[in-house]
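Encoded as structure tokens, the structure appears first; notes follow it.
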Amino acid sequence: MEVEMRYSKLFVPTLREVPAEAEIESHKLMIRAGLIRRFASGIYNFLPLGYKVFRNIENIIREEMDKQDGQELHMSALIPAEVLKESGRWDVFGPEMFKLRDRSNREFCLGPTHEESFTVSIRNEVRSYKALPQILYQIQTKFRDEIRPRFGVMRSREFIMKDAYSFDADEHGLDVSYKKMHDAYCAIFDRCGLDYTVVQADSGAMGGSGSEEFMVKSAVGEAAIAYCNSCGYAANDEKAQCVEPRTEIVSTKSIEKVKTPDIGTIDDLCNFFGCQPALFAKTLIYKADDEVVAAVVRGDRELNETKLTNLLGCVELEMADAETVMKVTGAQVGFAGPVGLKIKTIADLEVKHMADFITGANETDYHYSNVNLSDCNIEVFWDIRNIVEGDKCPVCGEPVKIDRGIEVGHIFKLGTKYSEALGCRFLDENGKEKPMIMGSYGIGVARTMAAVIEQNCDEKGIIWPLGVAPYKVIVIPVNTSKEEQMEMAERIYKNLLSLGLEVLLDDRNERAGVKFNDADLIGIPVRITVGKRASEGFVEYKLRKDEESQDIAEADIMSRIADDIGMS
RNA sequence: CGGGAUGUAGCGCAGUUUGGUAGCGCACCUGGUUUGGGACCAGGGGGCCGCAGGUUCGAAUCCUGUCAUCCCGACCA
């Protein structure tokens with residue numbers, strides 16, 4: 001029995017006006033089209049139309065995961081503290097994790113991710129190499145008390161993620177599982193109608209040996225990606241490697257102390273010395289866990305904290321406060337420099353090729369000019385800056401471009417980080433006990449939905465790709481008081497329904513303009529308008545993505561639809 | 001947490017400077033006329049003016065506090 005889908009009965013509260021809370025197009029449209037409503041800061045409810053789309057995306061994910069031997073299961077959202085304490089992440093997550101206690105004061109959290117849950121479950125059940133590999137996944141609500149929720153469903157505090165975990169007996173097995181997930185992700189995002197790039201990423205807090213992100217190209221993306229059109233290299237800004245310059249050092253002068261009263265910023269210094277920021281070496285003081293270190297980059301560069309964190313192998317990295325800076329450099333903020341500094345000092349590779357440059361003198365209101373490396377106390381030279389547009393591609397040397405992207409998926413080779421911490425071991429064919437080799441693979445489902453809208457919309461509304469559209473066809477009788485039109489519309493609607501298509505009949509007694517505007521706003525791919533020419537047996541047929549419509553005979557509707565939406 | 005802003009009807013806003021009966025547009029309800037790109041006429045419902053305290057004869061408006069939301073920076077699917 002078919003489900004009736006009459007607009008007059010649906011709960012689809014569309015809005016004519018743009019809600020003040022929304023900043024980006026997808027967020028505005030999701031609210032205007034009646035897909036979601038805000039419930040609290042960073043917390044959204046899905047309304048029927050939004051949930052239909054959501055389930056379509058979920059099902060695409062399920063199908064493609066299953067094709068690659070993924071097995072769906074469901075873990076509790078509530079996680080007992082012990083498992084996270086065992087892996088050491090109870091403290092790592094810090095205030096970002098929603099923590100709570102039960103009536104007998106036992107600690108829990110609302111899962112921000114589920115590595116521990118999966119690893120613990122597997123370790124309790126799998127003991128033999130014969131039972132490997134396994135790829136398990138779930139589509140589950142995650143909770144992260146984000147410092148700053150943003151852009152609606154794009155970055156929320158409660159969000160639904162498809163997360164998968166692979167367990168293998170060796171590195172080769174991990175490579176196979178990882179490739180499977182990579183392929184599944186490509187298939188998923190293709191079917192969602194997304195234009196995306198796969199970029200190399202830092203494996204960061206998750207740990208492990210390698211990772212890639214699936215980035216949907218978008219100006220509103222929160223991540224920057226560097227890519228090379230010549231060789232295809234692509235990496236996010238945390239990871240993108242900056243190559244060491246080849247310039248010869250030509251030093252002609254010797255160090256000189258200069259009084260620079262109240263001139264602490266690079267801008268001020270440029271004015272004072274009358275030169276470019278590239279002639280300065282700026283020194284930033286950081287607290288890396290318990291150690292205070294100095295990081296030196298060229299004056300016009302940005303320090304890449306991820307690269308520095310990885311180099312230092314620390315957990316937390318933050319800029320030192322004014323007091324610490326004073327203690328360590330002996331000067332106020334703005335006058336630090338690598339000359340005579342007592343703490344561990346790391347300089348960017350670029351600095352290695354600078355000559356006769358300017359730095360702080362570690363004395364308030366003084367700088368050194370004509371500084372050279374021999375004057376400095378630098379322990380390590382390393383790539384610690386952010387890549388910028390036009391930098392040399394680390395692979396082929398051509399200039400790279402920088403774009404923005406929405407991170408919709410992330411795949412990691414975790415290795416043995418969790419299996420070792422949680423004792424998830426198996427016996428290999430020689431009877432030797434080994435930790436399993438793991439991978440983890442995430443997709444932000446609602447974020448994917450927002451990304452689809454971001455890439456598929458116009459000034460009138462959403463243009464759903466067929467694969468995710470909540471309804472494939474909308475039938476609009478122009479004038480509900482004309483029996484002839486209503487009868488024809490009903491007939492077409494029922495015929496399409498009987499084919500198993502998701503069809504919406506706009507039976508509301510509204511003016512044509514209202515119905516057209518709503519149909520455009522909610523983005524139904526195919527529109528069939530039953531109007532004046534109903535008496536001649538004609539309807540107007542229009543695709544949402546096209547400008548033009550055309551009149552076709554009622555009898556030809558089925559074949560047109562079959563062509564356009566690829567049914568058999 | 002730092003910087004900026006805003007809380008008035010379901011939504012979008014005015015009113016706050018200079019205290020004096022709480023307004024506009026959209027949406028909603030009733031009746032009628034309409035019906036191919038967000039109709040028209042007539043009538044109507046809906047407000048702890050974010051919350052608490054204070055000043056005052058009188059507070060949406062002034063003062064103090066508090067909460068919430070949004071935007072800009074560090075976290076990440």
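In what follows, chains carry the letters A, B, and so on, assigned in the order in which the sequence lines appear, proteins first and then strands, with residues in each chain numbered from 1.
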How would you list, by chain and number, every residue that makes a ring-ring contact (aromatic ring centres under 6.0 Å, His included) with A/Y441, sequence neighbours excluded? none
Position toward the 5' end of RNA chain B (nearest nucleotide), A/A20 or A/L317: A/A20
Across the strands shown, which category fits A/D520 at heavy-atom distances under 4.0 angstrom: base, sugar-phosphate, nothing? base
When all nucleic acid strands are considered with a 4.0 Å heavy-atom cut-off, which category describes A/V18: base, sugar-phosphate, or nothing? sugar-phosphate
Using the ring of A/F516 (Phe, Tyr or Trp, six-membered ring only), decide whether A/R527 places NZ or CZ under 6.0 Å from its centre and within 45 degrees of its axis. yes
With no angle test and no hydrogens, is the base of B/U69 tied to the side chain of A/R38 by a donor-acceptor pair under 3.5 Å? no
Examine the base of B/C76 for any acceptor or donor lying under 3.5 Å from a partner atom in the side chain of A/R144, and report the outcome as yes or no. no
Does [N] have OP1 or OP2 under 4.0 Å away from a side-chain N or O of [X]?
{"X": "A/S41", "N": "B/C70", "result": "yes"}
{"X": "A/R148", "N": "B/C71", "result": "yes"}
{"X": "A/R150", "N": "B/A77", "result": "no"}

Figure out the CD/P separation between A/E23 and B/A5, and round it to whole Å. 17 Å
Separation of atom CE in A/M97 from atom C1' in B/A77, rounded to whole Å: 17 Å
Within the stacking criterion (centroid distance below 5.5 Å, interplanar angle below 30°), does A/F159 stack on B/A77? yes
Restricting to nitrogen or oxygen on both sides, can you table the protein-nucleotides 27-32 of chain B pairs closer than 3.5 Å?
from	atom 1	to	atom 2	distance (Å)
B/A27	OP1	A/R16	NH2	3.3

